[in-house]
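Structure first, commentary second.
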Amino acid sequence: MISVLPLARIIAIIAVSYAACVAAIVALVWKWGDQPTVWSSVGIAFSGATALNILLLFLIYVGWKRIWAVFPQLNRLVFPDLNGDWTMNIHWQNAERNGFVVARAQIKQDLLRVSMEVFSRDSDSETLIALPKKDPESGRPILYYVYRVVPKYNRADAGSSYEGSAILKISNAGLNRLSGNYFTSRQGTGHFDLSR
């Protein structure tokens, strides 16, 4: 999800804010502190850097969900929180046949990464790449999803594992629907429809 954010601007804001805070604290220590030294100033800078790193790690892995809960408009402004279990309808076709499968998808997301695992009766899939983006024209959230399907070998024609990719768009009607077409390395095509 971090790829959706203006990362250079965010880093610049954090760096300038941190430098201003450290400069203010060091100036106060030099003005009113007992026997300020260069080493005490360096210690303040490193202590602040450690605290900033801990804060950023907390925000990246845990805190962002709380921020999104307090400010739900971030689901539309930045990117929606897709975490959770989804019901997935898979419409598939290949050269000889077509069909429909109901599966369960589990999406895990933090500010650095997104993954989606899909569990169905005959196969499971794992994420190779999941990249959140926003459509440059409409601003609609999109998830580019590349995956590997691993058959469970409970059928004679299960075959070996194969790769696929899909472009999943968040529904305009709400944040609880994802859908999009996919294709696979077995020359299969189809449509994913996810809801939660």
Side-chain angles (χ1 to χ4, degrees), residues 1-86 105-118 125-148 165-172 174-178 180 194 196:
M1 197 165 73
I2 203 159
S3 62
V4 178
L5 300 171
L7 199 53
R9 193 172 305 156
I10 290 171
I11 291 171
I13 289 169
I14 291 171
V16 169
S17 300
Y18 173 72
C21 288
V22 167
I25 292 169
V26 168
L28 290 173
V29 166
W30 278 85
K31 180 155 179 109
W32 287 297
D34 288 338
Q35 300 176 353
T37 66
V38 171
W39 289 113
S40 66
S41 300
V42 170
I44 290 169
F46 278 111
S47 298
T50 302
L52 181 61
N53 279 325
I54 291 169
L55 175 66
L56 289 175
L57 287 172
F58 174 76
L59 287 175
I60 287 171
Y61 293 107
V62 180
W64 76 273
K65 287 184 189 180
R66 293 183 184 160
I67 295 170
W68 259 243
V70 172
F71 302 104
Q73 61 269 30
L74 290 172
N75 283 309
R76 295 219 184 270
L77 293 173
V78 180
F79 198 83
D81 180 3
L82 302 177
N83 278 299
D85 289 328
W86 296 70
Q106 184 179 45
I107 298 179
K108 295 178 182 174
Q109 173 185 359
D110 60 33
L111 279 179
L112 297 179
R113 63 189 155 264
V114 178
S115 71
M116 182 165 75
E117 294 180 295
V118 178
S125 76
E126 56 196 19
T127 302
L128 298 177
I129 299 170
L131 182 63
K133 289 283 187 185
K134 292 195 92 169
D135 183 284
E137 300 300 323
S138 69
R140 186 175 179 186
I142 299 172
L143 183 63
Y144 293 92
Y145 173 53
V146 180
Y147 57 93
R148 176 179 295 120
S165 64
I167 299 174
L168 302 172
K169 294 184 177 183
I170 311 294
S171 172
N172 285 327
L175 302 175
N176 293 321
R177 293 211 45 205
L178 280 165
L194 291 88
R196 63 175 168 177

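Below, each value reflects all heavy atoms present in this structure, side chains not excepted, and no hydrogens, waters or symmetry copies. Since the model is a prediction, treat every value here as computed from it, not as a measurement.
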Tell me, do [X] and [Y] make a side-chain contact under 4.5 Å, heavy atoms counted?
X      : Y      : answer
Tyr145 : Val114 : no
Val118 : Tyr147 : no
Ile170 : Leu178 : yes
Tyr144 : Lys133 : yes

Exercise: identify the closest heavy-atom pair between [X] and [Y]:
X      : Y      : result
Ser40  : Thr37  : OG-O, 2.8 Å
Leu111 : Trp68  : CD2-CH2, 4.4 Å
Lys108 : Glu117 : NZ-OE1, 4.4 Å

Roughly how far apart are [X] [atom1] and [Y] [atom2], rounded to 0.5 Å?
X      : Y      : atom1 : atom2 : value
Gln106 : Asn83  : CD    : CG    : 9.0 Å
Leu168 : Leu82  : CG    : CG    : 9.5 Å
Arg148 : Leu128 : CZ    : CG    : 5.0 Å

(request) Before giving the answer on side-chain contact (heavy atoms from CB on, under 4.5 Å), spell out for Met116 and Leu194 the whole-Å C-alpha distance, their side-chain angles and the decisive distance to 0.1 Å. (result) CA-CA 12 Å; Met116 182 165 75; Leu194 291 88; 3.8 Å; yes

Within the supplied structure, the quantity of interest is the number of heavy atoms (other residues, nucleotides, ligands) at a distance under 6.0 Å from [X] [atom1]; does it exceed 12?
X      : atom1 : result
Arg76  : CZ    : no
Arg196 : CZ    : yes
Lys169 : NZ    : no

(request) Could you walk me through whether Trp64 and Asp81 pass the side-chain contact (heavy atoms from CB on, under 4.5 Å) test, one step at a time? (result) CA-CA 10 Å; Trp64 76 273; Asp81 180 3; 3.6 Å; yes

(request) Not counting sequence neighbours, which residues clear side chain to side chain contact (heavy atoms under 4.5 Å, CB included) with Gln73? List them please. (result)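 For Gln73 the side chain to side chain contact (heavy atoms under 4.5 Å, CB included) partners, ignoring immediate neighbours, are Phe71, Leu77.
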
(request) List in chain and number order the residues that pass side chain to side chain contact (heavy atoms under 4.5 Å, CB included) with Ile13, two or more places apart in sequence or in another chain; answer none if no residue qualifies. (result)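 So Ile13 forms a side chain to side chain contact (heavy atoms under 4.5 Å, CB included) with Arg9, Ser17.
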
Side-chain atoms of residues 43-62: list all donor-acceptor pairs with protein atoms under 3.5 Å, sequence neighbours left out, distances to 0.1 Å.
residue	atom	partner	partner atom	Å
Ser47	OG	Gly43	O	2.8
Thr50	OG1	Phe46	O	3.0
Asn53	ND2	Ala49	O	3.3

